[in-house]
Amino acid sequence: MTEYKPQQLDKKWQQQWTASRAFEVTEDPKRPKYYCLEMFAYPSGHAHVGHVRNYILGDVMARTKRLRGFNVLHPFGWDAFGLPAENAAIKTGTHPETSTLGNIAHMKGQLQRLGISYAWEREIATCLPEYYKFNQWIFLKMFERGLAYRKHSTVNWCPSCQTVLANEQVVEGACWRCGTTIVTRDLEQWFFRITAYADELLKGLETLTNWPEKVVVMQRNWIGRSEGARVTFPVVGGGAIEVFTTRIDTIYGATFVLLAPEHPLVEQFASEAADPAAFRAQLGRFRALDRDARLTGKEGFDTGRRAVNPFTRAEVPIWVANFVLAEYGTGAIMAVPAHDQRDFDFARKYSLPIRVVVQSGDRAVPVETMSEASINYGRLIDSAEYTGQEAPAVMRRMIADAETQRIGVGEVQYRLKDWGISRQRYWGTPIPIVYCDKDGVVPVPFDQLPVALPKVTTLTGKGDSPLAQVAEFVHTKCPVCGGPARRETDTMDTFVDSSWYFLRFCDPRNADLPFDPVSSAYWMPVDFYSGGVEHAILHLLYSRFFTRVLRDVGLLDFDEPFKRLLTQGMVLKDGNVMSKSKGNVVDPDDMLAQYGADALRLYVMFVAPPEKEVEWSGSGLEGSFRFLVRVWRLVDHWAETVGGEGIPACGDDCTDAERAVRQKTHETIRRVTIDIEERMHLNTAVSSLMELVNKLYTFSEGTVHGAPSRSPKPLGGRVERMQTIGALREALDALVLMLSPFVPHSAEEMWHMLGHPEGIAQASWPTFDAAIAKADEVTVPVQINGKIRARLTVPATTSDEQLRELALADGAVRHHTAGRTIRKVVVAKGPLVSVVVQ
RNA sequence: GCGAAAGUGGCGGAACUGGCAGACGCGCCGGACUUAGGAUCCGGUAGCCGAAAGGCUUUGGGGGUUCAACUCCCCCCUUUCGCACCA
């Protein structure tokens, strides 16, 4: 008996894999490729089992696909720029580069100890100039194409992090990272024109059939396409207000106009007001409120001005309202209180007129008795020549008429906004722009990249961009005129780094281009991508955007970067997300020391389907370890008997027991293959393998009647029949191969024990034979009025007609049908016989 | 409020296209082997009734379709997640 010593096996095989460069790959047009990717990691310091679950899942896919004959790219890297390292530097004085590289080294060790089969020679870290040089390269390409632009804008400022946040990084008015309530600030910022691709990004979602529906829906909502019209309401006394509406059919009910507090006309109205101070005082109340507070109730005030509804020609009051968003549409709306709940509430609160223009039901409800807005589409009433017509046809007509009369135009609005990428932070990619008094905004020429991040030694976290304090960085020469110029001192949002890293893995050492189009054409798109749901919107949307930009730049010839997406569930401890601050982190290294990498890998895959959240369980891990010991003993026991080449499994001459083993083996191959490749139910793949092991144990029991002695109880004794040996060998080989993606170290060793001179890398996935998998005897339940009353054991070849007769002849069936009329007998696939009586 | 997903034993979960509910594992109970067992092996384990054979009930609740429903349809409840005044 060879003892199972997992820690030794881990070490032995990990060394062997590294030495043989087992997971390094090159493009090979003759073989089908498979690009398997897990979201790269932020090097926070330690990976806990929650993180690691994702890497194990990817590894099972990668290893399975290798055995299936694919040329598998399975790389890993580090999303190495970002706030936490900088915050730590402010606190402890350790330079972000030092802490980041240290963290990377540690985490890499953790992943290697888990035996994740990464092509480490392709490792990347975004904080290295070799990488961020191409962030700058892409930025410049976007600048050339007008997709990167600068604009003066109000931005979200986090007083705690001392930086600007993207809209997407503001969660309910608070900083996504520290939770501090954000305030607004006015700064000159760089933006990526993602809105130019809004429609395409939306349409592309339809092609993502192998993405979770949830993620597709979230992206669709985020892009938020609305079709409607922009309509001009002339202001009495000069000027005009443009509103955006999706309900132009209700325009005859537009009885007032609302402006966002930040609308440009509001300032003008204030200065023209009878009492500008009072006007501004009211306005100031709204503007001071943060986003959250604004949502608490609907408030507004009359500007005293009036506009003309271009359809009714009636003069309507113009109010300022806190709930109108400056950043959406035109920052102004036509209010139709009868048919919009918000406008209704507002009108009731301030006693503004309500006019019903869409008939709901048989007759119009009197305005006085209305308790809520009627928002449904319907037949128009009191709408001049449009009266009697119905939406949506009338909307098209009204828009067409508005266009003819030049009072409006059909328009599509998106909720998606351009992506602000400027960060007043140190630990990021410098934006490759120079400001020259003479030449203005000048892009750094491509041949001068990278604009290296200077080594700032003291980070205070206060004030604006740390780079502004580095004189030798700021002061440079204008690339155009050679005169004195200043560098841009902001760095890029780190989401830029992660928007294209999957492409860099195709060609990670290219010094001239982000990647070679030939290698990306071979490897891309990513066939299987997995990571946390928290990236369902931002990272995935930005990556889809970048892919399209790089396509238009000419580097790619496809639209969607990720074919199949899996959103990984989190691992909880005591019902909570693992985090250092909660002190409930399970460190994989502790588990490794106790059970080895394979038991941990197996447990994490077995405990639940990958999308689901799971609660960490120590006893579950122990169970997986026990299973491995059980497999080990089984293989160890039979290794000598079945070892060596050339013994075929039994054919027609099988005994029942041999036949049963072969049947189970092939049925398991079928199920495990489908479970891993198609359904991604890794947990049931494992349980099928457990069933096979159980079967082989019972089989082993049956082969011997020896006296069991001291522990552990031995399995069956000598087997003479060559056919049995062949069947066993087939079963054990298949078992070990199918286990290998889950427990690669133990599997390599057992594969070796079974007499295979080459490693599993040289082997291929077991082949499924439908004829063998088919059982020759089946148990057929017989239902009477839906209740199972009997079971027939018959040859699998029994015809439906025979089954029917056998069922009706069965004693128990006759007992239950005695004295009753048989009305119907159904023989269903399954097989199953269903008898209906009386 | 809108949108999405999900509710199955003591627990994690399984049931692939409407066809034997509870696979597999954890836990628990019993047995074997033992100086010992927290190792190992074997057996049991949804609930209720019954000595047993067997019977009845059971997939959040209520209806329905069907020979047959965890699965399909309608109503309701609960939970989780996402968006949250987008005109």
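Just the heavy atoms: all of them, side chains too, but no hydrogens, waters or symmetry mates, feed the values below.
- For RNA chain B, the residues of residues 782-791 of chain A within the heavy-atom distance limit of 4.0 Å (strictly under) are A:Gln783, A:Lys787, A:Ile788, A:Arg789, A:Arg791, sorted by number.
- Put simply, A:Ser688 has no side-chain N or O that comes within less than 4.0 Å of OP1 or OP2 on B:rA23.
- Mapping A:Arg670 and A:Thr330 onto RNA chain B by nearest heavy atom places A:Arg670 closer to the 5' end of the strand.
- Heavy atoms of A:Arg679 sit under 4.0 angstrom from primed sugar atoms or phosphate atoms, though from no base atom.
- When heavy atoms are screened at a 4.0 angstrom cut-off, A:Pro609 is found touching the sugar-phosphate backbone but no base atom.
- Across all strands shown, B:rA39 forms no Watson-Crick or G-U wobble pair with both distances under 3.5 Å.
- Looking at A:Arg630 and A:Asn694, their side chains do bring a donor and an acceptor atom within 3.5 Å of each other.
- Across all strands, A:Gly224 comes closer than 4.0 Å to no nucleic acid atom at all (heavy-atom distances).
- Using Watson-Crick or G-U wobble geometry with both donor-acceptor distances under 3.5 Å, B:rA21 finds no partner in any strand shown.
- With the nearest nucleotide of RNA chain B identified for both A:Lys829 and A:Asn683, A:Asn683 has the one nearer the 5' end.
- Centroid-to-centroid, the aromatic rings of A:Phe627 and A:Phe606 stay 6.0 Å apart or farther.
- A:Tyr414 and A:Asp199 are linked by a side-chain donor-acceptor pair at a separation below 3.5 angstrom, with hydrogens and angles left out of the test.
- When distances are taken from the side chain of A:Val836 to each of B:rC67, B:rC83, B:rG25, the shortest belongs to B:rC67.
- At the heavy-atom level, A:Ser624 lies nowhere under 4.0 Å from the strands shown.
- A centroid separation of 6.0 Å or more is found between the aromatic rings of A:Trp632 and A:Phe625.
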